[in-house]
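To keep things clear, I will list the structure first and then write my remarks on it.
Counting convention: from 1, in listed order, for ligands and their atoms alike. Residue numbers start at 1 and run along the sequence shown.
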Amino acid sequence: MLPHILPRPQVLEPLSGKAPLITSYDLDALASAFSEWAPGASTRLAAFAAELAVVEEGIEYVDGDDSEWEEAEELDNFAMTAALKDHLAPESFTLTLNAEELTIEAPDSRGALYAVNALIQALRTPGVTAFRAESSPKHPVRGFSFDITRHFFNAEEICRVIELLSEYNVNRLHLHLSDDQGWRIEIDNRPELTLKASSNDASGGAGGFLTFDDYERIQVHAGLFGLEVVPEIDLPGHTNALLVAYPEATPDGEPRKPYAGIEVGFSWVNLEGEATWEILEDIVSSLAKRTHSDYFHIGGDEVHKVERPDYEKFIARLGKLVTKHGKKVVGWHEIAGSELPQDSQVQFWTATFNTDNVAKLASSPDIEFIASPAPHAYLDLKPVEDFPLGLTWAGLVDLKAAYDWEPSEEIPVSAERIVGVEACIWTETIKTFDDLTTMIFPRLTGIASVAWGSPRIFDEYTSALESHGRAWSAKGITFYEAPEVNWN
Ligand code: TNX
């Protein structure tokens with residue numbers, strides 16, 4: 001059997017013979033070989049070796065049959081290599097496993113981590129053959145957008161999500177930190193935001209927010225596993241929480257109440273008010289100072305009740321503020337048509353409005369695009385009509401819809417301009433960690449395959465998922481048992 005590696009490497013060829021039996025001792029040795037230049041790869045491999053050691057002990061103890069182990073010991077001249085090779089494409093790797101060698105080559109720590117992911121997935125594949133893989137990402141940005149506003153998820157939960165994402169070579173975590181229902185991040189000089197506007201969620205629950213320490217811990221954990229964390233403050237709409245904290249920023253001067261519900265498009269800040277811009281200055285400067293990423297996501301979506309010229313003026317001014325604090329802009333695609341700083345990224349999410357402006361922007365060579373088309377990349381949409389969680393506004397996203405699509409066919413710009421693919425999860429209906437992983441898995445693996453540029457072979461993909469399902473179950477991760485797969 002070919003190894004069940006997801007995202008599937010572009011080159012995956014069987015070599016003669018079965019893969020040799022690799023022991024926890026071997027993996028520990030390989031983990032140390034990575035520790036200098038790829039700490040994430042080393043950590044992940046050591047953790048897997050520890051899991052395997054428990055299994056090995058069980059086998060020896062229960063069976064008393066160690067013929068397999070003897071066979072393994074007889075492997076002579078078996079060489080294990082983890083080599084840093086600068087000439088390889090960024091984040092890529094090669095992996096060879098046969099009776100003579102286990103060889104990994106990678107140009108950087110992410111490549112090494114992704115090679116380790118592939119190795120672990122291969123070792124979890126029943127009856128796996130010897131093989132050789134060459135794998136290289138098509139898109140430099142492979143993201144996951146996570147709404148912690150509608151329902152709050154804390155730093156520990158976010159760190160667990162980071163580890164799960166990194167197993168599928170995701171390298172950007174975009175955190176949606178503010179919305180109508182709650183403000184979820186501590187800001188210097190502006191304690192009112194978290195004191196007055198963070199303590200409810202979309203269903204009237206307790207809410208919460210990330211402290212400076214939480215955010216730093218998340219960034220460090222993400223860094224270990226190859227992810228960059230991009231903060232989003234959604235402006236000028238989706239701002240009821242901000243207005244609860246600061247009545248002086250409302251367009252009509254009237255105070256706002258905390259909002260529990262899932263309507264969108266009803267709030268916006270006073271676009272030109274001095275109070276608004278003083279608050280925004282503090283928010284952008286605080287986050288710019290504390291975030292490691294070069295990017296700052298300004299939101300910009302669903303501002304239905306503001307005239308377009310006023311909106312565009314606001315976005316242009318906000319872009320300059322972000323640039324002044326040393327960050328590059330990312331925004332939902334409604335920002336297309338406004339004057340944007342050089343090197344901004346425009347994140348496309350729905351084909352239902354504003355697409356002409358996106359098409360026009362395609363001729364500005366310094367703007368990049370990220371593909372998050374809802375009918376394929378929105379993990380908060382239901383996979384089937386009667387699913388207990390999720391929304392349906394852009395239809396259903398079943399396993400095939402998440403896996404089998406091309407970014408350039410969804411966005412009116414050419415393929416070279418699309419630097420990234422980002423899965424999104426909005427949490428209007430998602431309250432618990434189990435809800436979250438049920439919506440993420442298995443469909444995220446499909447979007448990750450598109451982001452990586454894997455050859456898409458649906459039958460092979462659904463077979464591969466069988467091994468992944470067993471691994472999730474073993475780790476206690478709840479997932480959706482999509483009917484296309486033989487879960488066992
Ligand atoms: C649209 S996607 C939104 C969010 C909702 C989401 C639900 C986007 C930029 N805005 O406010 O949560 O749909 O799928």
Margin query: Can you confirm whether Glu248 is buried at CD, in the sense that more than 12 heavy atoms of other residues, nucleotides or ligands lie under 6.0 Å from that atom?
Written below: yes
Notebook entry, point to check: So which heavy atom on Tyr311 is nearest to which on Leu271, and how close?
Noted result: N-CD1, 4.4 Å
Next item on the list: Just jot down the ligand 1 atoms closer than 4.0 angstrom to any heavy atom of Trp393, in number order.
Entry: 7 (C), 13 (O), 14 (O)
Item checked: N/O separation below 3.5 Å, Glu428 to ligand 1 -> yes
Note to self: Could you check whether Lys305 makes a cation-pi contact with Phe266, meaning its NZ or CZ is under 6.0 Å from the centre of the six-membered ring and within 45° of the ring axis?
What the structure shows: no
Next item on the list: Just jot down the ligand 1 atoms closer than 4.0 angstrom to any heavy atom of Glu302, in number order.
Entry: 1 (C), 3 (C), 4 (C), 10 (N), 11 (O)
Next item on the list: Just let me know how Asp179 lines up against ligand 1, side chain, backbone, both or neither, with a heavy-atom cut-off below 4.0 Å.
Entry: neither
Check: Does Tyr378 reach ligand 1 with a nitrogen or oxygen that is under 3.5 Å from one of the ligand's nitrogen or oxygen atoms?
Finding: no
Check: Got more than 12 heavy atoms from elsewhere within 6.0 Å of CD, Glu272?
Finding: no
Notebook entry, point to check: Which residue and non-hydrogen atom of the protein lie closest to atom 8 (C) of ligand 1, and at what distance in Å?
Noted result: Asp301 OD2, 3.3 Å
Notebook entry, point to check: Under 4.0 Å from any heavy atom of Trp332, which atoms of ligand 1 are there?
Noted result: 9 (C)
Item checked: Leu391 neighbourhood, listing ligand 1 atoms whose heavy-atom distance to it stays under 4.0 Å -> 7 (C), 14 (O)
Note to self: Which residues pass the side chain to side chain contact (heavy atoms under 4.5 Å, CB included) test with Ala202, not counting sequence neighbours?
What the structure shows: Arg150, His151, Gln181, Ile262
Check: Which ligand 1 atoms does His238 reach within 4.0 Å, using its non-hydrogen atoms?
Finding: 11 (O)
Next item on the list: Report the distance from atom CG of Leu389 to atom OG1 of Thr432, rounding to the nearest 0.5 Å.
Entry: 7.5 Å
Note to self: If I apply the N/O under 3.5 Å rule, does Trp349 come out as touching ligand 1?
What the structure shows: no
Notebook entry, point to check: Which atoms of ligand 1 have any heavy atom of Arg150 under 4.0 Å away?
Noted result: 5 (C), 11 (O), 12 (O)
Check: Can you name the side chain to side chain contact (heavy atoms under 4.5 Å, CB included) partners of Asp108, sequence neighbours left out?
Finding: Pro90, Glu91, Arg110
